[in-house]
Amino acid sequence: MKIAVFSSKSYDKKFLNQFNHDPDLELVFIEGKLDSHTAGLCRDYEAISVFVNDVLSGDVIEQLHEMQVGHIALRCAGFNNLDIDAAKQKGISVSRVPDYSPVAVAEHTVALMQTLNRKLHKAYNRVKEANFSLEGLLGFNLQQKTVGLIGTGRIGIATAKILHGYGCELLCYDKFHSAEVEALGARYVSLESLFSQAEIISLHCPLNEETRHLINADTIAQMREGVMIINTSRGGLIDTQAVVAGLKSKKIAHLGLDVYEMESELFFEDKSLEIIQDDLFQRLSTFPNVLITAHQGFFTQEAMANIAQTTLANLALFRQGQSNPNTFLVQI
Ligand code: NAD
């Protein structure tokens, strides 16, 4: 079976080739993204594999159906970039990697918190230039700080466990209460209470119509002065214009982002010699108290190995006419 692997970088090739021991899975690596302009490349492939910024809108699904592509293997957990109803309607099965390493993203979340707090991004550059002054580098103890976690699924739970180790007080908001998180002493509260009490707010819920721009001018107004906001989930959870205003007014004292609303135009590519056209992103980058990483929360050896193994297992199941209820979003 021939599989077109979109958005494939050197590291995707390395891990997928390393774990592909199945002679029936022929992986063809395509560096570019899948969208309505590139969907034509899927002709002659029975299955495709995609990543977070590939576009699987209704019209792309329609094109895949016409080209008789039978399966979409997402190499990620989130599926906000996929029109799931269109896939069901066209009879294209879809698999994903639901929990390749929640700990990888949780550890990156706390790394962002602590880098911003202790200003390591500033300290690193200072020491390199023989500037050993501590002026402006004052941080705070994480111990006894109130952290609000929005979404206590796999990554939220892993983050709660690390922060519990730091001695933080944990407030959570989710429709479903996790006994694992409650066992740490965390309390579920309303979203309003979380916004008004938390000194640090970290987002771990999926992006959907309900959560789009969850962080906006109104919700920022409910937050404490000097709040830290961390987003390692999906860029669309934050109204970027509103956080820029919050940073300018100093209501938001720290912002850590691993994801960004318009990241599909920027992330995963070297743009260092280009003129960036996204003025909002450029404005964000100028704040000394904003730290942005380019969607690398998942990027550990353990997670990459798990992504490759699960994706290959999903593709093999599809080829055998089978599925796995834990990893298949659409079973045909
Ligand atoms: P999960 O499905 O295990 O947990 C998501 C949780 O969010 C669930 O408990 C769910 O009930 C809750 N939720 C749903 N709607 C909510 C709402 N309106 N308000 C509050 N909570 C809500 O998912 P996960 O594996 O923990 O991943 C969380 C998100 O992290 C994913 O959706 C994905 O977007 C993102 N992610 C990012 C990276 C990265 O590299 N930065 C990697 C993997 C996943």
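Being a predicted model, the structure only gives us computed values, none of them experimental. In listed order, ligands and their atoms are each counted from 1.
Proximity of Tyr45 to Glu26: side-chain heavy atoms (C-beta onward) are nowhere separated by under 4.5 Å.
Here Lys122 does not pair with Glu135 in a salt bridge; the nearest charged N to carboxylate O distance is not below 4.0 Å. Salt-bridge annotation for Arg319 and Asp24: present, with a side-chain N of the basic residue lying under 4.0 Å from a carboxylate O of the acidic one.
Grouping the Ile, Leu, Val, Met, Phe, Trp and Tyr side chains by contacts below 4.5 angstrom, directly or via other members, places Val330 with Ile92.
Using a 30° and 60° split on the angle between ring planes, Phe51 and Phe268 fall in the tilted class, from 30° to 60°.
The list of salt bridge (charged side-chain N to carboxylate O under 4.0 Å, His left out) pairs with a residue in residues 240-254, not counting sequence neighbours, reads Glu225-Lys251.
For ligand 1, the 4.0 Å heavy-atom shell contains residues Tyr100, Val105, Ile150, Gly151, Thr152, Gly153, Arg154, Ile155, Tyr173, Asp174, Phe176, His204, Cys205, Pro206, Glu210, Thr211, Thr232, Ser233, Arg234, Asp258, His295, Gly297, Phe298.
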